[in-house]
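Here the structure is a predicted model, which is why all the values come from computation and not from measurement. Residue numbers count from 1 along this sequence.
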Amino acid sequence: MSYVSMTLAAPATKERALAACFSAYQYLTVGAHRLAYRTAGDASGKPVMLIHAFASQSGSWEAVAKALADEGFRIVAPDLRGHGRSARTSTYALSEFEQDLVALLDALDLHDVSLVGHSLGGHLALRLAAYQPGRIRKLVLEAAPVPPRDAAEAAGIAASRPGPAWRHSLKLLGMGRLVRLLLLRQFDPRAALTVPRELRTPMPAWWNRLATLSSPCLLLASQNDGAVTQRLSLLSSHLPHATAHHVGSGHRLHGEHTEAFLAAVLPFLSA
């Protein structure tokens, strides 16, 4: 596995102060592709991995990363495959996203790490905790999608949200953000053909493993985030050490309700 650093052009005004907390991009070779990530904070601090949402990138965490770094945490924020500065790949299975993150944890020799994930990132954080429980300290899941348990539940979800799964996922982004990501080549649209569809596929084995999790888990969702809000209590009931809170409105809580998000997250991670 190899690492390469590069210097980024400085962003403007407000964003410059936030981005300053992040290192320049570093790269890890995972199989045949390159995974980009940035770090922040004290290298000897308790590690926290920030996992961004579908069709987003690590930069979405700048304000959160700065707040956590100021509290002494060590921050690692990857760009998922096909997102941001990470390479585009030919396939985008959820298990492959998970394997990329495991490879990054291994390369950085991170153990007893807390995971903070938004949307798709929240689901990936929970997958990591379910299949590598010994190395995960705490979980923060923000607006995480909750896959169906069986075929009947999948049919009910599909009936309540007609049309291709990708259409709803991209709608959450807003057309302006999506166009910007595509023009800057910071998102591979091929991922939209597989990721949302897989999240609507029954995952009985995944559900069965949730009951074995020993990590404390903080679940955050707004009051009006559709299926995420509706299924929050279901997810919470299957996690032995979960606490659920409603924060603000919409889907991007850490970006649109940053103070309320941090008010919930900082005490949880620091305890």
Side-chain angles (χ1 to χ4, degrees), residues 1-8 19-62 64-66 68-69 71-141 144 185-188 191 195 209 213-215 269:
M1 297 182 177
S2 59
Y3 301 84
V4 180
S5 294
M6 61 179 290
T7 302
L8 299 177
C21 79
F22 271 132
S23 69
Y25 269 107
Q26 301 172 70
Y27 297 93
L28 172 71
T29 300
V30 182
H33 71 279
R34 194 171 70 164
L35 190 73
Y37 68 96
R38 293 188 283 182
T39 60
D42 185 347
S44 65
K46 294 179 180 178
V48 177
M49 177 177 279
L50 305 176
I51 311 172
H52 66 74
F54 180 68
S56 187
Q57 57 179 313
S58 58
S60 69
W61 291 113
E62 284 169 351
V64 174
K66 183 178 186 306
L68 290 172
E71 294 295 319
F73 290 98
R74 176 187 181 184
I75 312 302
V76 178
D79 286 352
L80 298 174
R81 61 168 57 198
H83 294 71
R85 299 294 183 97
S86 287
R88 298 184 175 203
T89 58
S90 58
T91 55
Y92 291 98
L94 293 176
S95 61
E96 293 172 323
F97 286 103
E98 178 190 350
Q99 290 161 14
D100 291 344
L101 297 177
V102 171
L104 182 56
L105 291 176
D106 288 345
L108 299 180
D109 194 26
L110 292 181
H111 300 274
D112 198 30
V113 58
S114 295
L115 305 177
V116 179
H118 174 219
S119 197
L120 169 62
H123 177 76
L124 295 176
L126 204 45
R127 287 179 71 97
L128 275 172
Y131 292 100
Q132 296 219 347
R135 78 190 307 173
I136 306 305
R137 178 174 173 265
K138 291 185 176 182
L139 289 164
V140 177
L141 311 181
R185 292 186 58 81
Q186 293 179 339
F187 172 61
D188 185 350
V195 172
R209 292 190 69 91
L213 289 184
S214 59
S215 303
L269 292 179

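Separation of atoms CG (L68) and NZ (K46) is listed at 12.5 Å; rounding is to 0.5 Å. A distance of 12.5 Å separates OG of S44 from CZ of F73, quoted to the nearest 0.5 Å. We find the CD1-OG distance between I51 and S60 to be 11.5 Å, quoted to the nearest 0.5 Å. The distance from the CD atom of Q99 to the CG atom of L124 is 11.5 Å, given to the nearest 0.5 Å. The distance from the CG atom of L94 to the CG atom of L120 is 6.5 Å, given to the nearest 0.5 Å. Taking CZ from R137 and OG from S215, the interatomic distance works out to 10.0 Å, rounded to the nearest 0.5 Å.
Taking the side chain as every heavy atom from C-beta outward, L50 and H118 never approach each other to under 4.5 Å. For the pair V102 and Y131, the minimum side-chain heavy-atom distance is 4.5 Å or more. Annotation: side chain of V113 is not in contact with side chain of V76 (no heavy-atom distance under 4.5 Å). At least one side-chain heavy atom of V48 sits under 4.5 Å from a side-chain heavy atom of V116. Looking at heavy atoms from C-beta onward, L101 lies in side-chain contact with L80 at the 4.5 angstrom threshold. The side-chain heavy atoms of R85 and Y27, taken from C-beta on, include a pair separated by under 4.5 Å. No side-chain heavy atom of Y25 sits less than 4.5 Å from a side-chain heavy atom of Y37. In this structure, L115 and V140 have side chains that are not in contact, with every pair of non-hydrogen atoms separated by 4.5 Å or more.
The aromatic rings of F54 and F187 stand perpendicular to each other, their planes meeting at an angle above 60°, with 30° marking the opposite boundary.
With sequence neighbours left out, D79 forms a salt bridge (Lys or Arg N to Asp or Glu O under 4.0 Å) with no residue at all. Considering only residues two or more places apart in sequence or on other chains, R127 meets the salt bridge (Lys or Arg N to Asp or Glu O under 4.0 Å) condition with E98.
Closest non-hydrogen pair, A69 versus G41, comes out as CB-CA, 3.7 Å. Between A125 and L141, the shortest heavy-atom distance links the atoms CB-CD2, 3.9 Å. Nearest approach of P47 to L110, heavy atoms of both residues: CB-CD2, 3.9 Å. The minimum heavy-atom distance between F22 and R38, with the atom names listed, is CD2-CB, 3.8 Å. When all heavy atoms are compared, the tightest approach of M49 to P78 is CG-CD, 4.0 Å. For the residue pair I75 and A65, the shortest heavy atom distance occurs at CG1-O, 4.0 Å.
The main-chain N or O of R81 is found under 3.5 Å from a side-chain atom of H83 such that the two form a donor-acceptor pair. Judged by distance alone, with hydrogens and angles left aside, the side-chain atoms of R209 form a donor-acceptor pair with the main-chain N or O of A130 at under 3.5 Å.
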Audit row: Q132, H111, side chain to side chain contact (heavy atoms under 4.5 Å, CB included) steps and yes/no: CA-CA 10 Å; Q132 296 219 347; H111 300 274; over 6 Å; no
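Under a 4.0 Å N-O distance rule, the pair D106/R135 qualifies as a salt bridge.
A donor-acceptor contact closer than 3.5 angstrom links the side chains of T91 and E96. D100 and H33 are linked by a side-chain donor-acceptor pair at a separation below 3.5 angstrom, with hydrogens and angles left out of the test.
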